[in-house]
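See below for the structure under consideration.
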Number of protein chains: 2
Amino acid sequence: MRPLPRSRLQAQKATLPGTVPEGTRRRILEEALRLFASQGFHGTSIRDVAKKLELQPSALYAHFSSKEHILAELVQVGHEAHQEALRAALRDAGTEPAAQVRALVRAHTVMHAAHPQLAVVVNEEIHALPPELSAPAMALRDQSVALLTEVIRRGVEQGRFSPPHEAATGAAISAMGTRLPYWYEPSGALDLDTLANIHAELALRMLGAR
Amino acid sequence: MRPLPRSRLQAQKATLPGTVPEGTRRRILEEALRLFASQGFHGTSIRDVAKKLELQPSALYAHFSSKEHILAELVQVGHEAHQEALRAALRDAGTEPAAQVRALVRAHTVMHAAHPQLAVVVNEEIHALPPELSAPAMALRDQSVALLTEVIRRGVEQGRFSPPHEAATGAAISAMGTRLPYWYEPSGALDLDTLANIHAELALRMLGAR
DNA sequence: GTCTATATAGGGATAGAC
DNA sequence: GTCTATCCCTATATAGAC
């Protein structure tokens with residue numbers, strides 16, 4: 001339950017959602033993901049990435065035009081996979097606000113627990129990008145936030161939810177997932193499906209669902 | 001409610017808890033805090049800090065033996081102030097678990113909202129330190145975590161709390177505060193005292209307090 | 001698409017004068 | 001305690017051969 005110093009999430013293999021095609025380009029993304037999550041974007045050099053892949057630094061430039069573009073792609077892929085997971089969850093959740101919250105929270109939690117490095121890089125290193133490169137991901141983020149706030153708003157309107165404050169409660173619900181990479185260990189005693197259910201339950205408690 | 005790219009928390013003045021004496025050393029810490037929060041530790045150079053202070057880079061070395069030692073002091077000061085705030089809150093909270101949770105959560109929230117840059121640097125940049133330099137702060141962190149988990153455990157023992165899972169609920173409660181710097185704006189419509197009460201209420205809901 | 005070699009810039013930190 | 005000057009290293013990125 002404590003983040004380790006200097007070696008933040010140096011985990012096993014850095015998993016990338018399946019949408020990225022195989023090949024050297026993917027290998028670069030995976031290795032960069034691992035290193036960015038562990039040492040941060042500015043703490044990782046092109047040489048570090050190249051060395052791990054047993055390539056010369058210049059070889060990376062055949063696949064990405066700059067170090068920033070590698071980060072930008074990771075950030076974009078992460079936001080896309082996250083939003084797709086939320087939308088898929090909503091599609092199967094019916095129309096009850098409580099069921100929709102449960103589905104959104106479960107998907108949010110599973111995403112952050114299954115791809116902890118990607119979650120960390122997306123959330124902490126996006127700031128290292130110039131606005132042009134981060135804008136598409138920021139737009140996706142706004143949409144994803146809206147998915148939850150909209151469900152909360154509808155639940156309140158229907159008299160099903162009674163949170164002490166809609167925005168603050170929404171932020172608290174999101175925060176449970178966002179902080180997961182800093183303490184949750186998938187190989188530990190608490191399995192992911194159980195954790196996802198716990199988070200859904202906590203969200204509904206915060207909302208005063210009835 | 002969205003973190004801005006490239007300029008993470010470039011806020012006004014970076015506030016440091018009052019325990020640090022005035023003088024050039026403090027000015028260095030404050031400016032480094034602002035820059036580390038905005039650009040990250042690795043994204044900030046000694047030259048950046050010196051330029052903002054209208055000093056030559058070499059002048060900083062009369063006050064700190066390395067760039068890492070500047071970060072280490074910020075991290076230590078942040079952890080000390082946080083823990084002291086939690087302990088002070090507990091001292092005035094009586095013996096009821098619910099009142100103790102309320103006091104801890106309120107203090108945690110106020111600390112993160114009042115010192116957002118320090119919170120971000122403490123949580124995100126501690127990983128940039130070698131273990132020798134981060135160890136004292138990590139020890140404090142473990143103690144602070146224990147303050148909350150201990151209160152939760154007692155509340156459960158006494159039959160006052162019924163969380164779905166003690167550790168996960170404790171993490172969810174902490175996460176509300178930890179994520180504050182990324183969305184809360186002190187100058188906005190939601191004042192800090194109200195927010196602290198909201199977080200306390202959410203914590204007690206999660207715990208099923210009765 | 002990968003290599004060798006290198007251009008060009010900026011990094012942390014120190015020496016020694018005042 | 002701050003300055004000027006500088007050492008030495010590493011960074012990103014490019015040129016051109018294969």
Side-chain angles (χ1 to χ4, degrees), chain A residues 5-6 20-75 121 124-134, chain B residues 5-6 20-75 121 124-134:
Chain A
R6 196 137 235 183
V20 181
E22 302 289 336
T24 303
R25 188 182 164 88
R26 178 172 182 132
R27 289 181 61 231
I28 293 171
L29 286 172
E30 286 177 339
E31 195 55 56
L33 173 57
R34 174 158 33 206
L35 288 168
F36 292 169
S38 169
Q39 310 168 6
F41 175 73
H42 290 301
T44 302
S45 71
I46 284 286
R47 287 169 156 83
D48 292 336
V49 180
K51 173 166 280 183
K52 288 270 189 182
L53 295 170
E54 297 181 284
L55 289 174
Q56 293 305 311
S58 58
L60 304 191
Y61 290 89
H63 302 274
F64 294 93
S65 58
S66 76
K67 186 184 152 190
E68 282 183 344
H69 282 81
I70 300 176
L71 174 59
E73 174 130 351
L74 289 171
V75 164
V121 168
E124 293 193 14
E125 307 299 339
I126 191 174
H127 311 280
L129 290 174
E132 320 85 76
L133 286 180
S134 62
Chain B
R6 194 137 237 180
V20 181
E22 301 288 336
T24 302
R25 187 182 164 87
R26 178 173 179 130
R27 290 181 60 232
I28 293 171
L29 286 172
E30 285 177 339
E31 195 56 56
L33 174 56
R34 174 157 34 208
L35 289 168
F36 292 169
S38 169
Q39 310 169 9
F41 175 72
H42 290 299
T44 303
S45 71
I46 284 286
R47 287 169 159 84
D48 292 336
V49 180
K51 173 166 278 184
K52 289 270 189 184
L53 295 170
E54 297 182 283
L55 289 174
Q56 294 305 311
S58 58
L60 304 191
Y61 290 89
H63 302 275
F64 294 92
S65 59
S66 78
K67 186 185 156 192
E68 283 182 344
H69 282 82
I70 300 177
L71 174 60
E73 174 130 350
L74 289 171
V75 164
V121 168
E124 293 194 13
E125 307 298 340
I126 191 173
H127 312 280
L129 292 174
E132 320 85 75
L133 286 181
S134 62

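- Atom CG of residue A:Leu33 and atom CD of residue A:Glu73 lie 12.0 Å apart, to the nearest 0.5 angstrom.
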Residue pair A:Phe41, A:Leu129: steps toward the side chain to side chain contact (heavy atoms under 4.5 Å, CB included) verdict | CA-CA 10 Å; A:Phe41 175 73; A:Leu129 290 174; 5.8 Å; no
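- Annotation: the span from B:Leu60 atom CG to B:Ser65 atom OG amounts to 12.0 Å, rounded to 0.5 Å.
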Criterion side chain to side chain contact (heavy atoms under 4.5 Å, CB included) on B:Leu133 and B:Val75, from CA distance to verdict | CA-CA 9 Å; B:Leu133 286 181; B:Val75 164; over 6 Å; no
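- In this structure, B:Ala128 and B:His42 approach most closely via the heavy-atom pair CB-NE2, 3.9 Å.
- Rounding to the nearest 0.5 Å gives a distance of 11.5 Å between CD of B:Gln39 and CZ of B:Arg34.
- The CD1-P distance, from A:Ile46 to D:dT14, rounds to 11 Å in whole Å.
- Across all strands shown, B:Ala62 has heavy atoms under 4.0 Å from base atoms, whether or not it also approaches the sugar-phosphate.
- B:Arg47 places its CZ atom 13 Å from the C1' atom of D:dT4, with the value rounded to the nearest Å.
- Within the 4.0 angstrom heavy-atom criterion, base atoms lie near B:Ser58.
- Contact check of residues 20-28 of chain A against DNA chain C (heavy atom, cut-off under 4.0 Å) returns A:Thr24.
- The salt bridge (Lys or Arg N to Asp or Glu O under 4.0 Å) check on B:Arg26 picks up B:Glu30, with sequence neighbours excluded.
- Crowding of A:Glu54 atom CD: a count of heavy atoms from other residues, nucleotides or ligands under 6.0 Å not exceeding 12.
- In the 5' to 3' direction, nucleotides of DNA chain C lying under 4.0 Å from heavy atoms of chain B begin and end at C:dG11 to C:dA15.
- Remark: P of D:dT10 and NZ of A:Lys67 are 15 Å apart, rounded to the nearest angstrom.
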